[in-house]
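Okay, so here's the structure we're looking at.
In what follows, chains are A, B, ... by sequence order, proteins preceding strands, each numbered from 1.
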Amino acid sequence: MARTRGHWLLKSEPTAYSIEDLARDGQTFWEGVRNHQARNFLRDAMRKGDLVLFYHSNAKPPGVAGIAKVVSDAYPDATQFDPESRYYDPRASRDQPRWLVVDVAFVACFKHLVPLATLKADAALEGMLVTRRGQRLSVQPVEQRHYARVLELAGHPG
DNA sequence: GCCAACGTTGGC
DNA sequence: GCCAACGTTGGC
């Protein structure tokens, strides 16, 4: 049986990189993940073709801004080797990289952002990780039914 | 600006 | 291995 397409939520501060930036670029490296749990999701569970809710964190208001798609498997994050990068990790080496990226492509920008407050208030989204207090993980798995519901709330077709 | 919730670091 | 101190994330 073929693997079911996965669904994810990726957080980005829009002042650093927004859905509009992704729309302009078409595709980007999802660099700078420096949390082991998030890294393990990239490595072990994320697959080419998976769909992504693009979440604007530290925004006013925070919320889901659009949709992206995973277009590569995980591979070493080049910024870990670059002393000039804010993501530099002196413990990483080319032989033994510690951090990974995936390539992510633009799919759609919601007409209106779906605010976190709306997600929290929606009974159908109960249990969705991002609605949980203190949930800081920047790469989160999303249940298919939650993904579909967020698109519904965004008034986004199919 | 405040602070909860973690994750990391480093002394022991 | 324990744990206190510290730093970061990120909502409010």
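Contact annotation: A:Y55 side-chain N/O to C:dG11 OP1/OP2 distance is under 4.0 Å. Regarding contacts with the backbone of B:dA5, a side-chain N or O of A:R133 is found under 4.0 angstrom from either OP1 or OP2. Residue A:R91 has a polar side-chain atom (N or O) positioned under 4.0 Å from OP1 or OP2 of B:dT9. A:K11 has a side-chain polar atom (N or O) that falls below the 4.0 Å cut-off from OP1 or OP2 of C:dG10. In this structure, A:K120 reaches the C:dC12 phosphate: one of its side-chain N or O atoms is under 4.0 Å from OP1 or OP2.
The separation between A:N58 atom CG and C:dG10 atom P is 7 Å, rounded to whole Å. Regarding A:L119, its CG atom lies at a distance of 15 Å from the P atom of C:dG10, rounded to whole Å. Rounded to an integer number of Å, the gap from A:L137 CG to C:dT8 P is 18 Å. A:E13 has its CD atom 12 Å from the C1' atom of C:dG11, to the nearest Å. Rounded to a whole Å, the CH2 atom of A:W99 is 11 Å from the C1' atom of B:dT8. Counting to the nearest Å, the C1' atom of B:dG7 and the CG atom of A:D89 are 14 Å from each other. C:dT8 atom P lies 15 Å from atom CG of A:N35, rounded to whole Å. Atom C1' of nucleotide B:dA4 and atom CZ of A:R136 are separated by 10 Å, given to the nearest angstrom.
In terms of the side chain to side chain donor-acceptor pair (under 3.5 Å) criterion, residue partners of A:T79 (sequence neighbours excluded) are, by chain and number, A:R34, A:D77. Considering only residues two or more places apart in sequence or on other chains, A:D122 meets the side chain to side chain donor-acceptor pair (under 3.5 Å) condition with A:R149.
Under the 3.5 Å distance criterion, the side-chain polar atoms of A:Q140 are matched with a main-chain donor or acceptor of A:V130.
Each of A:V70 and A:L9 belongs to its own hydrophobic cluster when Ile, Leu, Val, Met, Phe, Trp and Tyr are linked at side-chain heavy-atom distances under 4.5 angstrom.
Out of B:dA5, B:dT8, C:dG11, the shortest distance to the side chain of A:H36 is found at B:dT8.
With rounding to the nearest 0.5 Å, the separation of CG in A:D73 from CE in A:M46 is 11.0 Å.
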